[in-house]
Amino acid sequence: MKNKICVIFTGGTIGSYSNGGVVDLKSETSSLLIEKYRERFGSAVGFDELRPLNILSENMQPADLKTMADCIRSVDKSEYDGIILTHGTDTLCFTANLFSQIFCDISIPLVLVSALYPLDDDRSRGVENFAGAVTFIESVDYGGVFVSFENHSENCKIHLASRLISASQINGEYESILNVPYGEIRGWRFVYNDNEKNPTPSDLRRPRKPCEAVRLCTDLVTIQAHSLLNFDYYRFTEIKPKAVMIQLYHSGTVCTEGKEANFKNFLAYCKTLGIEVIIATIDSKARVYGSALGLADMCTAAYDISFEMATVKVLLALGSGKNVASELKKNNFFEKLN
């Protein structure tokens, strides 16, 4: 072990401060995270710091993600035990899933950390999330992309970045799909979650092929299924996307009766425009409902991954000139659940 970690600061709430009820960025707050960590946990680990950008994550643009990725690529992995990337919570899930793909073969742990509150707020768990990432990096001998996050009244969890799902509404807590995290920090030791859905440490030690799709395209419209959804409002008369993705109900269904709410009518409309339609996500081992019979054969289907991961795979496929269906079938970093 080198006892040395590269910390890449990018802004977000963990790099912000409170002022009159408003949370905003403060450039010098970044080092405060390391200072607070050392006050509580000592200085046995050395940190090198990089600051490629300073942004609230809700304002993230494709160019910012590229800047972040280029910074990670520039790090000499042989010099460090791991990399910690600080990030805002609003788009943490997207970046985590994205980087789990484009850095699926990274040789050392890359751990994303964030905080729901600025470090000057007593409710912040930013230091705990950072400490969890340090503990995890110092505990393992394999690479990969992970997220360290502590929900209210819980131990800090370590998530496979490829399985992190969107934060819960209002309280902003994060979970892995199926509520199966990769592990957690107990007594400031990493404890692996020995669950049949999780890859083993031996699985993570095996070499992985690099991801072939690494460029993003934003020409995608996503639609979430909900009661009385009127597909007739989605008409692409001025700007036509390359693809449309429908987030199905948990049972893998969407309305297929009636007129305005009938997905099959919308699917036929998209086909006349040459727009690829993707439905996500479907459990390959679940029973098929009568309303969903034949749907997977009429469009492109995403099986056994989260909707968040499906979104990333489609955007990468479109941006890299790859076949969407083929990319959705790949299992680059343990995103597949079956």
Side-chain angles (χ1 to χ4, degrees), residues 53 55-70 88 90-99 101-102 165-167 169 211-249 252-282 292 295-303 305-330:
L53 69 161
I55 190 171
L56 293 173
S57 72
E58 61 269 27
N59 294 327
M60 197 78 70
Q61 303 295 314
D64 299 315
L65 288 165
K66 183 179 184 303
T67 296
M68 208 181 296
D70 287 343
D90 282 345
T91 61
L92 171 68
C93 184
F94 179 83
T95 303
N97 278 274
L98 173 65
F99 284 2
Q101 299 298 284
I102 63 177
I165 57 176
S166 297
Q169 295 184 35
C211 181
E212 295 181 354
V214 295
R215 296 183 62 183
L216 283 172
C217 171
T218 58
D219 297 341
L220 172 70
V221 171
T222 59
I223 303 173
Q224 181 177 5
H226 62 78
S227 295
L228 308 181
L229 170 64
N230 188 337
F231 282 107
D232 280 352
Y233 285 112
Y234 294 91
R235 288 295 178 262
F236 309 113
T237 55
E238 295 184 11
I239 301 176
K240 186 177 72 170
K242 289 185 178 179
V244 174
M245 187 159 66
I246 312 298
Q247 183 174 7
L248 304 175
Y249 291 117
T253 62
V254 65
C255 178
T256 53
E257 292 188 359
K259 185 180 178 183
E260 297 87 354
N262 191 328
F263 169 67
K264 290 183 178 179
N265 292 339
F266 175 71
L267 177 59
Y269 165 74
C270 288
K271 285 192 172 183
T272 63
L273 297 178
I275 299 172
E276 184 168 7
V277 178
I278 302 103
I279 52 175
T281 182
I282 303 173
L295 280 188
D297 298 324
M298 299 168 65
C299 50
T300 303
Y303 290 96
I305 56 176
S306 69
F307 181 78
E308 292 82 356
M309 174 53 69
T311 302
V312 162
K313 283 180 174 288
V314 171
L315 292 175
L316 286 172
L318 295 176
S320 303
K322 302 290 185 179
N323 179 271
V324 172
S326 296
E327 292 303 312
L328 286 169
K329 292 176 183 176
K330 292 181 179 179

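Side chains included, hydrogens not; waters and symmetry mates left out as well; all remaining heavy atoms used.
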| said: What verdict does the side-chain contact (heavy atoms from CB on, under 4.5 Å) test give for Cys299 and Leu267, after you've listed the backbone C-alpha separation in whole Å, the side-chain angles of each residue and the deciding distance to 0.1 Å? | reply: CA-CA 8 Å; Cys299 50; Leu267 177 59; 4.0 Å; yes
| task | Could you give me the CA-CA distance, side-chain angles and deciding distance for Met60 and Leu65, then say whether side-chain contact (heavy atoms from CB on, under 4.5 Å) is met? | result | CA-CA 7 Å; Met60 197 78 70; Leu65 288 165; 3.8 Å; yes
| Hey, mind stepping through Ser306 and Ile165 against side-chain contact (heavy atoms from CB on, under 4.5 Å) and telling me if it holds? | CA-CA 7 Å; Ser306 69; Ile165 57 176; 3.9 Å; yes
| request: With side-chain contact (heavy atoms from CB on, under 4.5 Å) as the test, would you mind laying out the steps for Thr222 and Gln247 before giving the verdict? | output: CA-CA 7 Å; Thr222 59; Gln247 183 174 7; over 6 Å; no
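The backbone N or O of Pro241 sits nowhere less than 3.5 Å from a side-chain atom of Asp219 that would complete a donor-acceptor pair. Between the Thr253 side chain and the Ala292 main chain, no donor and acceptor come within less than 3.5 Å of each other. Side-chain atoms of Thr272 come within 3.5 Å of backbone N or O of Tyr269 as a donor-acceptor pair. In this structure, Lys271 contributes its side chain and Met298 its backbone to a donor-acceptor pair below 3.5 Å. Between the side chain of Glu327 and the main chain of Ala213, no donor-acceptor pair closer than 3.5 Å is present. In this structure, Thr91 contributes its side chain and Phe94 its backbone to no donor-acceptor pair below 3.5 Å. When atom types are taken as modelled, the side chain of Asn265 and the backbone of Lys259 share a donor-acceptor pair closer than 3.5 angstrom. No donor-acceptor distance shorter than 3.5 angstrom exists from the side chain of Lys329 to the backbone of Val324, with no hydrogens or angles considered. Between the side chain of Thr281 and the backbone N or O of Ile305 there is at least one donor-acceptor pair closer than 3.5 Å.
Between Gln61 atom CD and Leu216 atom CG the span is 12.0 Å, to the nearest 0.5 Å.
For the pair Cys211 and Gln101, the tightest heavy-atom approach, listed with the atom from each and the gap, is CB-O, 3.0 Å. Glu58 and Asp90 get closest at one heavy-atom pair: OE1-OD2, 3.3 Å. The two residues Ile102 and Ala69 come nearest to each other via the heavy atoms CD1-CB, 4.1 Å. Looking at every heavy atom in both residues, Cys270 comes nearest to Val244 through SG-CG2, 4.5 Å. Here the closest non-hydrogen pair linking Ala280 and Ala310 is CB-CB, 3.9 Å. In this structure, Leu315 and Cys217 approach most closely via the heavy-atom pair CD2-O, 2.7 Å.
Within the 4.5 Å cutoff, side-chain heavy atoms of Thr311 are placed close to those of Met245. Residues Lys264 and Glu257 have side chains not in contact (no heavy-atom distance under 4.5 Å, counting atoms from C-beta outward). Leu318 has its side chain out of reach of Thr218: every pair of non-hydrogen atoms, C-beta onward, lies at least 4.5 Å apart. The shortest distance between side-chain heavy atoms of Ser57 and Thr95 does not fall below 4.5 Å. Taking the side chain as every heavy atom from C-beta outward, Phe263 and Ile279 approach each other to under 4.5 Å. The shortest distance between side-chain heavy atoms of Leu98 and Leu316 falls below 4.5 Å. With a 4.5 Å cut-off on side-chain heavy atoms, Ile278 and Ile246 do not count as touching.
By the salt bridge (charged side-chain N to carboxylate O under 4.0 Å, His left out) test, Lys322 pairs with Glu212, sequence neighbours left out.
With 3.5 Å as the limit, one finds a donor-acceptor pair spanning the side chains of Glu276 and Thr300.
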Using distance only, find each side-chain donor-acceptor pair of residues 224-236 under 3.5 Å and give its atom names and separation, not counting sequence neighbours.
{"from": "Asn230", "atom 1": "OD1", "to": "Asp232", "atom 2": "N", "distance (Å)": "2.8"}
{"from": "Asp232", "atom 1": "OD1", "to": "Arg235", "atom 2": "NH2", "distance (Å)": "3.0"}

